[in-house]
Protein chains: 2
Amino acid sequence: MDLTHKFLANVSVDCVIFGFDFEKLNVVLVEREYDDPATGETIIRDYTLAGYHIFEDEDLDNAAYRILKDRTGLENIYLEQFATFGKTDRVAKEMDHLWLKVIDKGFADRVLTVGYFALIDSTKVKLFSHDSKIDWFPVDDALTMDLAFDHQEILQKALDTLRNKVRTEPIAFELLPECFTLTQLQNLYQAITGNIIDKRNFRKKKLQMPFIVPRTEKQDGVAHRPARLFHFDRNIFEQTRNERFGNLF
Amino acid sequence: MDLTHKFLANVSVDCVIFGFDFEKLNVVLVEREYDDPATGETIIRDYTLAGYHIFEDEDLDNAAYRILKDRTGLENIYLEQFATFGKTDRVAKEMDHLWLKVIDKGFADRVLTVGYFALIDSTKVKLFSHDSKIDWFPVDDALTMDLAFDHQEILQKALDTLRNKVRTEPIAFELLPECFTLTQLQNLYQAITGNIIDKRNFRKKKLQMPFIVPRTEKQDGVAHRPARLFHFDRNIFEQTRNERFGNLF
DNA sequence: GCAAAAGTGTTACCGGTACACCCATGC
DNA sequence: GCATGGGTGTACCGGTAACACTTTTGC
């Protein structure tokens, strides 16, 4: 993390980084650990979202991109601001006060944080630890994990936003590799929304969307009949957007 | 405005206060005027949204409620956070720098602002001027008025959010008096979305919504057949929410 | 040959849309 | 009596939902 910039003490950004492993939805969490310097006893050990304070001369959106790149190495990623959290007691837990004290970076006790969520194709991402451990966790687990600060509330809101948005905007593809099978796409929708979907109806609907285009290749290395692959064509999507006004995905 | 609190220099809240006059959608704007102290010549004269910095010991949401109450006297109003604006150049115009200098209240040049929109029944509201003039403007006009700072962008985003949300949540009623006619409701939807709606289909749909309940009173003092009045029953709405999952309004 | 997932059609129902005329009231 | 908005019904179309079996491949 670049520390040559001055940051705003009262404003941070937290990124909810979502990924999909073809089975369930996952989220990136960063371990927060503090051992008593005298006894060596672990006093704090829990998880936070990927976040940092915003620099004085940095656009808000860029702060989110910076954090994302810093943790995943990725650029040109789907990233969307979804809410800002500003209760006075969002740093209320004992652990949180202690943490701010021991890291001693000049962050204020009163911090508003702007939440962004990122959708990434996690099949080929390597996460960067820097000084703290970082890893993927199933979203369902993360929601019961008692995260630092108000990060559980932030995660819940990010998930709600994603669930809503996926019904009207073609953002699910951001979580898949360039080529995907219809079953993978269906599993993704099911993982996000929690509903189960009828296979035949799902395929019928997707196959008549002109921007979901079949490829000549087939799936490879699977112990069963290989599935046809598709990709999402954004150009076709944009061109046909008006005709489809009001349709859901 | 209460100045005994210390505020955060880098964070403000701006409220987009929407109202409806049974014809079109309106928004509250505050005049910003500065006359050259020597010549008396008017140097700045334009409009801003209703906003202020957030106090150190104040929840973010409460800052928005405070601003709203300060300008309208109203409490228990529909108020929703919709986005946060944090470009480094959002105070880039010459007028904006000058303004911050002449009002000299200790606001920073780098300010992130959190946007809220409010929906109020404007039929019986009296706006409070304090030291600057304040008034309702048609949203369509306001969008072409070259507002202060990035307030046009904020207004546009608020409007987009309202347009979207009104399709899936029962928030339109917040802009009407307790009792309203179906024609008023239809005009409101048309004013928000810009679409024209078929009268018979609209009424058919609304009449079968159990939470839009008829009253015994009729409209009064109109030079034509008086219309039946209705009100929105939030309890019935909440009770039947699950059955109607996925329905639009 | 068997396990595992891919792939495929038909029918019924419901909600949305298009469309034109008579009614009640104030003046 | 006339101007003004209030109020009503029907027919068609398209999208959604329910539902079960055959096919292809790897091992």
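One interatomic measurement links the two molecules: CZ of A:Phe230 to C1' of C:dG7, which rounds to 10 Å at whole-angstrom precision. B:Ile197 has its CD1 atom 13 Å from the C1' atom of C:dG16, to the nearest Å. Between the P atom of C:dA18 and the NZ atom of B:Lys205 lies a distance of 13 Å, rounded to the nearest Å.
Partners of B:Glu174 according to the salt bridge (charged side-chain N to carboxylate O under 4.0 Å, His left out) rule, which considers only residues two or more places apart in sequence or in another chain, are B:Arg234. Partners of B:Lys69 under the salt bridge (charged side-chain N to carboxylate O under 4.0 Å, His left out) rule, at least two apart in sequence or in another chain, are B:Glu75. In terms of the salt bridge (charged side-chain N to carboxylate O under 4.0 Å, His left out) criterion, A:Glu33 has no residue partners (sequence neighbours excluded). Among residues two or more places apart in sequence or in another chain, the salt bridge (charged side-chain N to carboxylate O under 4.0 Å, His left out) test is passed with A:Arg45 by A:Glu31. Every residue meeting the side chain to side chain contact (heavy atoms under 4.5 Å, CB included) condition with A:Ser129, not counting sequence neighbours, appears here in chain and number order: A:Ile134.
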Side-chain donor/acceptor pairs under 3.5 Å, residues 139-149 of chain A, sequence neighbours excluded:
| from | atom 1 | to | atom 2 | distance (Å) |
| --- | --- | --- | --- | --- |
| A:Thr144 | OG1 | A:Asp141 | O | 2.9 |

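For D:dG6, the OP1/OP2 oxygens have a side-chain nitrogen or oxygen of B:Thr183 closer than 4.0 Å. Phosphate proximity of C:dA6 to A:Arg228: absent, as no side-chain N or O sits under 4.0 Å from OP1 or OP2.
Listed by residue number, A:Val222, A:Ala223 are the residues of residues 216-223 of chain A with a heavy-atom contact under 4.0 Å to DNA chain D.
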Under 3.5 Å, N/O pairs linking protein and nucleotides 19-24 of chain D:
| from | atom 1 | to | atom 2 | distance (Å) |
| --- | --- | --- | --- | --- |
| D:dC19 | N3 | A:Arg200 | NH2 | 3.3 |
| D:dC19 | N4 | A:Asp198 | OD2 | 3.3 |
| D:dA20 | N1 | A:Arg200 | NH1 | 3.3 |
| D:dT23 | O2 | A:Arg225 | NH1 | 3.0 |

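Using a 3.5 Å distance cut-off with no hydrogens or angles, the side chains of B:Gln186 and B:Gln190 do pair a donor with an acceptor.
Within the structure, the salt bridge (charged side-chain N to carboxylate O under 4.0 Å, His left out) test picks out the following pairs touching residues 175-189 of chain B (sequence neighbours left out): B:Glu178-B:Arg215.
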